[in-house]
Structure formats: C-alpha cells, structure tokens
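Worksheet for the structure shown next.
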Number of protein chains: 2
Amino acid sequence: MKLPEAKDKFMQAWGTLGSSWGINRTMAQVHALLLISPDPLSAEDIMEELKISRGNANMNVRALIDWGLVSKTFKSGERKEFFSAEKDIWKVATQVMKERRKRELEPVLKLLHELSNVEGDKKDKNIKAFNDSINGIKGVVSKADKTIETIIKADESWFVGSFLKLMK
Amino acid sequence: MKLPEAKDKFMQAWGTLGSSWGINRTMAQVHALLLISPDPLSAEDIMEELKISRGNANMNVRALIDWGLVSKTFKSGERKEFFSAEKDIWKVATQVMKERRKRELEPVLKLLHELSNVEGDKKDKNIKAFNDSINGIKGVVSKADKTIETIIKADESWFVGSFLKLMK
DNA sequence: AATAACTTTCAAATATATTTGAAAGTTCAG
DNA sequence: CTGAACTTTCAAATATATTTGAAAGTTATT
C-alpha cells in the first residue's frame, strides 16, 4: 500500500474509533493527521488535508490542545501558528485516561455517593434493590478509578514489561 | 433523598455516561432501570417509566440482549415477555469490555496490521513518521487488548482483592 | 494609526442519530 | 382456522451534533 492511501485509511479509522468513544470524528482525524506528520502543520494544512473549514479546524485543534494532546509551535519568520501532536503513544493514552477520568468518572462517583443511602424502609425490596445496585456499581467504578490512577502514575516500561507477568 | 428522585437521577446519570462512551442514551437508561428493578419488567413498564415509545423500548431492549446485559424471562400465566438485567456489576463490566473489544479493538488492530508497512523509501521522513506512529499505536493497542483479555478471564475477587496490591 | 496577517466566534445550515407510531409479523388459545 | 395478544419493523419526523463561513477580534508590522 502506498503512503497516501495508508494515511487516509488511518485517519478514517482513527476518526471512527474516536467517535465510538465519545470523541468527535473530526477531532480524532485532526489528531491522526498530526500524529503521522513529521512536521508541525498550520491551520491551512489541516483544512486542506481534511477538507474542512477554517472554523472547524480551529475548534478541533483547540479541543485537542485542551485535552493536552496537541501543542502550538512557531516557525521563525512565520507569523502563523503551527500545531504538532504528542508522538509518544503511551503519553497520549495516559493523557486521555486522565482527562476522561476527570470529566466522566469523578462526577459519576460523586453522584453515586449521594445516591448511596435513600430514605425509607431498608426492607422494602425496591429500596433494597436500588441500594444494592448503587453499591455494586460504586464498588466497580471506584476500583476502575483507582486502577486508572495507578496506571497513569506508572510508566510505560512498567506497563509494557511487567503487567502481563504480574497478572498471571 | 427519596427513592423516586434517586432512581431518576441514577437513570439520568447512567444515560449520560453511556452516551459519552458510544452507547445510546436511551439504551443506557433502560439498562439503569432494569438494574435497579427487583423484578423483571415488561415492555409496557419500560415505556411508561422512561416515557418512550414501544418501538424505541423494543429496539433498545434488543440491543441490550445483544450485548449480553439483559435477558428475557417469563411469568407463568402471562403471555408477554419480561426483561431483567444482569445484577452482578462485575459481570456487566466484563461483558461490556468483551463486546467493545470485539467490536472496536479487533478491527482497529487488523487495520493497523495492514498499514504496518507502506511501500516506499524507508528513509523518506513522511514514511518514517507514518511507520513509527503506526507501530507505536499498534504496540499500545495490542497491549490494551491483551490486558482486557486477561481482565476478562480473571474473576472478580482477583480484581477487587489483589489488583492494587500487585500494582504497588 | 492604519493595514495586513492571521485567529476566533457563532448563528445558520447541514449532517447524523434517535424516536415515533402505525402497519406488518408472529404466536398461541380456543 | 381465527382472532386476540403480543412483538417487530421501518419510513417519516424529530432531536442532537457538527460544520460552515463570514464578520469580529487580535496582533505584528510599517
């Protein structure tokens, strides 16, 4: 397969994967494009490669910066901004985990805590079923939360090298 | 907080969480409803509780069955179907991981493999950047894939009890 | 201070995803 | 069989999310 075709398939696939994980398709495609570019790209480059408007390019690049996956760079003598993506995929993965943990897991945990004890007769089977569910979910969600925290703090070599051995 | 309010907040939150993880909001709400119901519910019950149409209720219940999270049950003397959700949250979590792995991770891995070696001069920096990206991603994705596989095979007590200790 | 080179914003347009509801399909009791 | 009780389907309607592009904003240069 030639490079242009491969690039295209990759950006497509990254976009699809992103959108099934709650990340806007175009944002994921911009990310893919920057990931495989050896040099930083300008807004124009992005608009052109992905055939998207200036506004769209701008918004999605901002979002990626907000997620900590992309940063601005400057070329001497050029006034416009260039963008480049973090190339270390392990860092990308931990950064995404960190953000999603903060944005989604933490609020859910907070709510689950609030829902932990409803008023009323603990013998009522509706109340009992509810409390049991909430507690079960709370257990698994907070375990997942702590696991992610540990993974984020661990370094790549640990993950790559030891994880599977430890799990045996 | 009283039960009806708590139920409502929970179904709401589960719906929101679902939709940021690529699961249709209503499907997640139906799931939440069944999770906290001590007894199986009929299509009518679901329609009424969530104020959704028959078709919608039917489609989402089917999808949940398809995901292995909900099953049909019957009441003697009743002709209609009742539905109940798997109550063990650990099983729910592993089931979801299993499905997403199959539906999303595996196809991406297959593609990454195909993209692994593009034709052309390995010294060309565009080709080099592309190959490096793809290989890096392939490494992390397949590691994640294997990790999920291991977690799925492990049992709950392992996860709950030993995971954090092992990670230290 | 005026202009040029750029970036940001956001209301309107478009595209995508979900929901509805009525018709068609199925199953079962009589 | 037939009709009643139920489930499924799917085209059209609705709701939600994304995209556009032109105007407004910003910043550097002369």
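Chain letters run A, B, ... following the sequence lines, proteins first and then strands; every chain starts at 1.
Ion pairing between B:Lys102 and B:Glu99 holds under the 4.0 Å rule for side-chain N and carboxylate O. Taking 4.0 Å as the cut-off between side-chain N and carboxylate O, A:Asp132 and B:Lys87 do not count as a salt-bridged pair. A salt bridge is absent between A:Glu106 and A:Lys110; no separation between the charged side-chain nitrogens and carboxylate oxygens falls under 4.0 Å. Checked for salt-bridge contact, A:Lys9 and A:Glu5 meet the test: a charged N lies under 4.0 Å from a carboxylate O.
The nearest whole Å value for the distance from the NZ atom in A:Lys75 to the C1' atom in C:dA5 is 17 Å.
Nearest-nucleotide positions on DNA chain D for B:Phe83 and A:Ile23 put B:Phe83 closer to the 5' end. Ranked by how close their nearest DNA chain C nucleotide is to the 5' end, B:Arg25 and A:Ala43 are led by A:Ala43.
Side-chain contact between A:Ser84 and A:Val70: absent, with no pair of heavy atoms (C-beta onward) separated by less than 4.5 Å. Residues A:Phe83 and A:Leu41 fail the side-chain proximity criterion, which asks for heavy atoms closer than 4.5 Å.
At a cut-off of 3.5 Å, with distance as the only test, a side-chain donor of B:Ser42 or B:Asp45 sits close to an acceptor on the other residue.
In this structure, A:Glu86 contributes its side chain and A:Asp88 its backbone to a donor-acceptor pair below 3.5 Å. With B:Ser133 contributing its side chain and B:Phe130 its backbone, the two residues share no donor-acceptor pair below 3.5 Å.
B:Arg100 is linked by a salt bridge (charged side-chain N to carboxylate O under 4.0 Å, His left out) to B:Glu104, counting only residues two or more places apart in sequence or in another chain.
Applying the side chain to side chain donor-acceptor pair (under 3.5 Å) test to pairs two or more places apart or on separate chains, those with a residue in residues 55-68 of chain A are A:Arg62-A:Glu81.
Interface limits on DNA chain D: the 5'-most and 3'-most nucleotides within less than 4.0 Å of chain A heavy atoms are D:dT18 to D:dA28.
In this structure, the helix from C:dA1-D:dT30 to C:dG30-D:dC1 shows an angle of 10° between the axis at its start and the axis at its end, each fitted on 5 base pairs and rounded to 10°.
Near DNA chain C, meaning a heavy atom under 4.0 Å from it, residues 50-63 of chain A has A:Arg54, A:Gly55, A:Asn58, A:Arg62 in order of number.
The environment of NZ in A:Lys138 is crowded: more than 12 heavy-atom neighbours from other residues, nucleotides or ligands sit within 6.0 Å. The environment of NZ in A:Lys122 is crowded: more than 12 heavy-atom neighbours from other residues, nucleotides or ligands sit within 6.0 Å.
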Look for any protein N or O under 3.5 Å of an N or O in nucleotides 26-30 of chain C and output each such pair with its distance, or none.
{"residue": "C:dT27", "atom": "O2", "partner": "B:Arg79", "partner atom": "NH2", "Å": "2.6"}

